[in-house]
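These notes are about the structure you will find just below.
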There are 2 protein chains.
Amino acid sequence: MRKNSPEAASPMEAAVEIDGDEKPDRLLLDQITDKWSILILAALCAKPLRFNELRRCLDGITQKALTQSLRRLERSGILARRVIPSSQVAVEYSVTPLGRTLEEPFRAVYGWTVQYAPAVLQAQAAFDQRAAEEEK
Amino acid sequence: MRKNSPEAASPMEAAVEIDGDEKPDRLLLDQITDKWSILILAALCAKPLRFNELRRCLDGITQKALTQSLRRLERSGILARRVIPSSQVAVEYSVTPLGRTLEEPFRAVYGWTVQYAPAVLQAQAAFDQRAAEEEK
DNA sequence: CAGCATCCTGAGCGATACTG
DNA sequence: CAGTATCGCTCAGGATGCTG
């Protein structure tokens, strides 16, 4: 396996330059930017939740998808899974210290979507407008 | 650093609370966090590129996938497509001002992957170790 | 060169049923 | 409650060929 590259003078460009084979960065990037990870982390950063509580927060997610996302995040050390001793089976998910370090970057991205959503919607409308016109 | 994010009482949680129906934020989030968008933006932030130049940067992407991603980003006003008059057909893609505002947030996420990749890999190894043991 | 159209395969998702 | 297991099926994505 390859260790990561020494030191890239340019910040992000490294991702697109060293592309000879599958970079771990790219894989990792895919993992954390998947459909639900951001939202799951957002929910658990607020407070730890149990499986079905979490499911209710993430409206639209299936049990299977949630389980998979949770496992993947747990495996990567971003979430912790803790079985609560009780009469009923109870499992609580929480964010690890490592996961906490992701909160900021994610907040930046999510903040962007909120801030610029109107601009983007407008751009999309304009684009569709133009497309429709030259269709005629 | 950043100047955004006034001091939202609830920073990211908004995304997981208002889930009655498809929120535009969620859709937008999916759009920009897809497999290639981050890398495309990274490449074009460095400098504008033509279609095949860009394709070469993003090793592994197919023509179809690249076209789709580019259209989507163009439609959202993040990229600009410009046909260069010449003897041969030439098209240059560049980042719009709106796209520039995404550079920071993306850099934060990408930076995280680089910084914490070792920690994540270690966590994954430990996880797999544990899993393998209780398999026996 | 920069795409669009078409065909095709399989990875992944949802639905359902079952378990500790 | 918190999952695992199985099965069908869709549809996103790759491969290929063609065009302005």
Side-chain angles (χ1 to χ4, degrees), chain A residues 19 21-22 26-27 29-37 39-40 43-44 48-75 79-94 127-128 130-132 134-135, chain B residues 19 21-22 26-27 29-40 43-44 47-75 79-94 127-128 130-132 134-135:
Chain A
D19 49 5
D21 50 356
E22 286 301 342
R26 296 252 295 248
L27 293 178
L29 203 56
D30 285 353
Q31 307 250 314
I32 65 175
T33 62
D34 93 312
K35 188 171 169 49
W36 296 106
S37 293
L39 297 174
I40 291 174
L44 293 182
L49 293 172
R50 292 176 40 190
F51 188 86
N52 282 324
E53 290 176 329
L54 188 52
R55 199 215 301 223
R56 260 168 255 126
C57 286
L58 306 169
D59 184 74
I61 195 173
T62 63
Q63 175 270 324
K64 190 179 186 177
L66 180 54
T67 300
Q68 287 173 342
S69 289
L70 288 174
R71 283 288 171 282
R72 196 149 28 81
L73 292 171
E74 185 197 357
R75 175 168 181 266
L79 298 183
R81 178 179 181 275
R82 176 174 145 252
V83 178
I84 300 174
S86 95
S87 55
Q88 288 293 76
V89 177
V91 178
E92 188 189 75
Y93 290 91
S94 58
F127 184 93
D128 295 344
R130 266 176 280 134
E134 62 194 51
E135 187 72 18
Chain B
D19 49 6
D21 51 358
E22 286 302 341
R26 296 253 294 251
L27 293 177
L29 202 55
D30 285 354
Q31 307 251 311
I32 63 174
T33 62
D34 93 313
K35 188 170 169 51
W36 296 106
S37 295
I38 295 187
L39 297 174
I40 290 175
L44 294 182
K47 74 185 178 82
L49 294 173
R50 293 180 33 194
F51 188 86
N52 282 325
E53 290 176 328
L54 188 52
R55 201 219 292 231
R56 261 169 255 124
C57 287
L58 306 169
D59 184 74
I61 195 172
T62 63
Q63 175 268 323
K64 189 179 185 178
L66 180 55
T67 300
Q68 287 173 342
S69 289
L70 287 174
R71 283 289 170 282
R72 198 150 27 85
L73 292 171
E74 185 197 357
R75 175 168 181 266
L79 298 184
R81 178 180 182 275
R82 177 174 144 250
V83 178
I84 300 174
S86 95
S87 55
Q88 288 294 75
V89 178
V91 178
E92 188 189 73
Y93 290 90
S94 58
F127 184 93
D128 295 344
R130 268 176 278 134
E134 61 194 50
E135 188 73 17

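No experiment lies behind these values; they were computed from the predicted model shown.
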Among the candidates [options], find the nucleotide nearest to the side-chain atoms of [X].
{"X": "A/Gln88", "options": "C/dG3, D/dC1, C/dA15", "value": "D/dC1"}
{"X": "B/Val91", "options": "D/dC1, C/dA2, D/dG14", "value": "C/dA2"}
{"X": "A/Asn52", "options": "C/dC4, C/dC1, D/dC1", "value": "D/dC1"}

For residues [X] and [Y], determine if any side-chain heavy atom of one lies less than 4.5 Å from a side-chain heavy atom of the other.
{"X": "A/Leu49", "Y": "A/Leu44", "value": "yes"}
{"X": "A/Leu39", "Y": "B/Arg26", "value": "yes"}
{"X": "B/Arg75", "Y": "A/Asp128", "value": "yes"}

Distance, rounded to the nearest Å, where [X] contributes [atom1] and [N] contributes [atom2]:
{"X": "B/Leu66", "N": "D/dA12", "atom1": "CG", "atom2": "C1'", "answer": "16 Å"}
{"X": "B/Leu70", "N": "C/dC4", "atom1": "CG", "atom2": "P", "answer": "10 Å"}
{"X": "A/Ile84", "N": "D/dA2", "atom1": "CD1", "atom2": "C1'", "answer": "12 Å"}
{"X": "B/Ile61", "N": "C/dA2", "atom1": "CD1", "atom2": "P", "answer": "14 Å"}
{"X": "A/Asp30", "N": "C/dG12", "atom1": "CG", "atom2": "P", "answer": "12 Å"}
{"X": "A/Asp34", "N": "D/dA12", "atom1": "CG", "atom2": "C1'", "answer": "16 Å"}
{"X": "B/Phe51", "N": "D/dG20", "atom1": "CZ", "atom2": "C1'", "answer": "15 Å"}
{"X": "A/Gln63", "N": "D/dA5", "atom1": "CD", "atom2": "C1'", "answer": "11 Å"}

Exercise for the section: Looking at every strand, decide which applies to B/Arg55 at a 4.0 Å heavy-atom threshold: base, sugar-phosphate, or nothing. Expected result: nothing
Practice task
Describe the nucleic acid contact of A/Arg81 in one word from base, sugar-phosphate, nothing, applying a heavy-atom distance below 4.0 Å.
Solution key: sugar-phosphate
Problem - Worked verdict on B/Leu73 versus B/Tyr93 for side chain to side chain contact (heavy atoms under 4.5 Å, CB included) - result: CA-CA 10 Å; B/Leu73 292 171; B/Tyr93 290 90; over 6 Å; no
Problem - Axis deviation across the helix from C/dC1-D/dG20 to C/dG20-D/dC1, five-pair ends, to the nearest 10° - result: 50°
For residues [X] and [Y], report the shortest heavy-atom separation together with the two atoms involved.
{"X": "B/Trp36", "Y": "B/Ser69", "result": "CB-OG, 4.0 Å"}
{"X": "B/Ile61", "Y": "B/Arg55", "result": "CG2-CG, 4.0 Å"}
{"X": "A/Ser37", "Y": "A/Ile32", "result": "CB-O, 3.5 Å"}

Distance check: side-chain N/O of [X] vs OP1/OP2 of [N], anything under 4.0 Å?
{"X": "B/Arg71", "N": "C/dA2", "value": "no"}
{"X": "A/Tyr93", "N": "D/dG3", "value": "yes"}
{"X": "A/Gln68", "N": "C/dC13", "value": "yes"}
{"X": "A/Arg50", "N": "D/dC1", "value": "no"}
{"X": "B/Thr62", "N": "D/dG14", "value": "yes"}

Exercise for the section: Map A/Lys64 and A/Ala90 onto DNA chain D by nearest heavy atom, then report which one ends up closer to the 5' terminus. Expected result: A/Ala90
Exercise for the section: With B/Glu92 as reference, evaluate B/Arg82, B/Arg50, B/Arg81 under the side-chain hydrogen bond (donor to acceptor under 3.5 Å, both in side chains) test and give the passing residue. Expected result: B/Arg82
